[in-house]
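Okay, so here's the structure we're looking at.
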There are 2 protein chains.
Amino acid sequence: MGHRERKKLEAWRTIRSTALRLISERGYDAVSVEDIAKEAGVSRTTFFSYFPSKEAVAFEFDPQELQQWRALVDAEASDQPLWEALTDLFLDITELLPEWLPVQKRLLVEHPGLIQSARGTCDSFAPDLRAWIARRLPDGDDLRTTLLLNVSMAAFITAVEAWDPDDSVDTLRDTVRTCLRWAGAGLAQPVG
Amino acid sequence: MGHRERKKLEAWRTIRSTALRLISERGYDAVSVEDIAKEAGVSRTTFFSYFPSKEAVAFEFDPQELQQWRALVDAEASDQPLWEALTDLFLDITELLPEWLPVQKRLLVEHPGLIQSARGTCDSFAPDLRAWIARRLPDGDDLRTTLLLNVSMAAFITAVEAWDPDDSVDTLRDTVRTCLRWAGAGLAQPVG
DNA sequence: TAAATACTTGTACTCAGTTCAGGTTTCGGC
DNA sequence: GCCGAAACCTGAACTGAGTACAAGTATTTA
């Protein structure tokens, strides 16, 4: 990892942590992009070269962690059934972001309007997941692929929504497992 | 329906149709709120008293149609199993918005960034649907209720995403039925 | 060391969204 | 029909997000 790349990641993390700290302290609306940039020792222009929007800075994935997760997806070659393997990939995601997750969740609780952009976070890993599902499904059934992707994400998001950030991340993982299991078993059935 | 209420609905519809027309003609980014307001014969301030944002004007439900759908939900008392009844409620939604749906879908195809706010449209009926589900589920199982809501919406959205706006709305309905059936049967199972 | 390339910065701009004070329209009671 | 209250519309002025760009600085490669 060259000097340049290292500095870039460092800057990314400085901006993100500064942003989440300020927002936790003062609330989302009371913090401007200019505040964040100034506090992170960077210009407003540079802020927008790292993050496409103010909302993104709160929810986007750490580039390195995302890369690690992508490697896991590519390497996934277990003999588990599709849905179980998919569940594990979502559990992997929760492993990658234990640091900021409680802060982000608290932010969401206080500011429900941000849920939309929090969901947008999924866009960063959805394409990889979609390709992975398509690979494991018989010949190009696009509708089924998209449905598996969207429904599994919905189950995942449901678990995150239901999770109390004051509880441990393990609690979240249990809920993720439950939601994915229920969705996999079929929601038309009574609880089983 | 008093004079006041009627005028308000009329203004709402004028603004919406003007907005969708201009956006179809020139593209989303090339139309400003000021353009829409001017063309609709109303002030910018008034625009924002009808719609919370520029994105909302393209996707929000017609208040009257939403009210009609709510009446359907409240009246729903068939002896169908939960998941079938839920499917019908989603099909009812597609019945309410045949007029603008193709335009909206074309807008989404050309401008994928708007998908987030299109999903936000669901927020207008989600609470009603949630209450309906909770009523039909054994004692306050919040997690299960939310999961049913989120997964059924995900299946619905999948169908809309997969739908080609040049096809008939009946095609969309078929896809909605398919997606809901698959999700209800359990996605861990092979296609059935 | 020098040229090419990537990154940062300040400036200036557009436009979404909010606030507010004042004017206009509609409504209910008489 | 008349009048006061309430709802509604409007223009003006403001904040702050996001973009474009030209000039400067650091990094890489040869």
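Side-chain atoms are counted along with the backbone in the values below, which use heavy atoms only and exclude waters and symmetry mates. This is a predicted model, so every value here is computed, not measured. Below, chains carry the letters A, B, ... as their sequence lines are ordered, and counting in each starts from 1.
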Which residues satisfy the side chain to side chain contact (heavy atoms under 4.5 Å, CB included) test with [X], sequence neighbours excluded?
{"X": "F59(B)", "result": "Q104(B), L107(B), L108(B), L114(B), S117(B), A118(B), T121(B)"}
{"X": "V73(B)", "result": "W69(B), L89(B), W132(B)"}
{"X": "I157(B)", "result": "R119(B), C122(B), E161(B)"}
{"X": "D164(B)", "result": "D166(B), D167(B)"}

- Using chain A heavy atoms and a threshold of under 4.0 Å, write down where along DNA chain D the contacts begin and end, 5' to 3'. dA17(D) to dT28(D)
- Message: Can you pull out every salt bridge (Lys or Arg N to Asp or Glu O under 4.0 Å) where at least one residue sits in residues 64-82 of chain A? Sequence neighbours excluded, please.
- Response: R70(A)-D128(A)
- Applying salt bridge (Lys or Arg N to Asp or Glu O under 4.0 Å), which residue pairs with at least one partner in residues 34-55 of chain A are found, sequence neighbours left out? R21(A)-E39(A), R26(A)-D35(A)
- Query: How would you list, by chain and number, every residue that makes a side chain to side chain donor-acceptor pair (under 3.5 Å) with D88(A), sequence neighbours excluded?
  - Reply: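 Side chain to side chain donor-acceptor pair (under 3.5 Å) check on D88(A) returns Q80(A).
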- Which of residues 33-53 of chain B sit near DNA chain C, with a heavy atom under 4.0 Å from it? V33(B), R44(B), T45(B), F48(B), S53(B)
- Within residues 4-12 of chain A, find the residues that approach DNA chain C with a heavy atom at under 4.0 Å, and present them sorted by residue number.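 Correct list: R4(A), K8(A).
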- Task: Can you pull out how bent the helix from dT1(C)-dA30(D) to dC30(C)-dG1(D) is, comparing the axes over its first five and last five pairs, to 10°?
- Result: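 Axis angle across the helix from dT1(C)-dA30(D) to dC30(C)-dG1(D), nearest 10°: 30°.
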- Task: For G2(B) and for S32(B), locate the closest nucleotide of DNA chain C by heavy-atom distance; then report the residue assigned to the nucleotide nearer the 5' terminus.
- Result: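 Result of the comparison: S32(B).
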- Message: Closest-nucleotide mapping onto DNA chain C: is H3(B) or K54(B) further toward the 5' terminus? I mean the 5' end.
- Response: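 Closer to the 5' end of DNA chain C: K54(B).
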- D92(B) side chain near Q68(B) side chain, heavy-atom distance below 4.5 Å: no
- Message: Between I23(B) and V103(B), is there a side-chain heavy-atom distance shorter than 4.5 Å?
- Response: no
- Message: Counting neighbours of CD on E25(B) that are heavy atoms of other residues, nucleotides or ligands and sit closer than 6.0 Å, is the number greater than 12?
- Response: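 Yes, CD of E25(B) has more than 12 neighbouring heavy atoms, counting only those of other groups under 6.0 Å.
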- Message: My understanding is that only residues two or more places apart in sequence, or in another chain, count here; which of them pass ring pair (Phe, Tyr, Trp, His ring centres under 6.0 Å) with F61(A)?
- Response: F125(A)
- Please determine which of R135(B), R130(B), R136(B) meets the side chain to side chain contact (heavy atoms under 4.5 Å, CB included) test together with T145(B). R130(B)
- Item | Any donor-acceptor N/O pair, W83(B) side chain to S152(B) backbone, under 3.5 Å |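 No, the answer is negative, given that no donor and acceptor are paired below the 3.5 Å cut-off.
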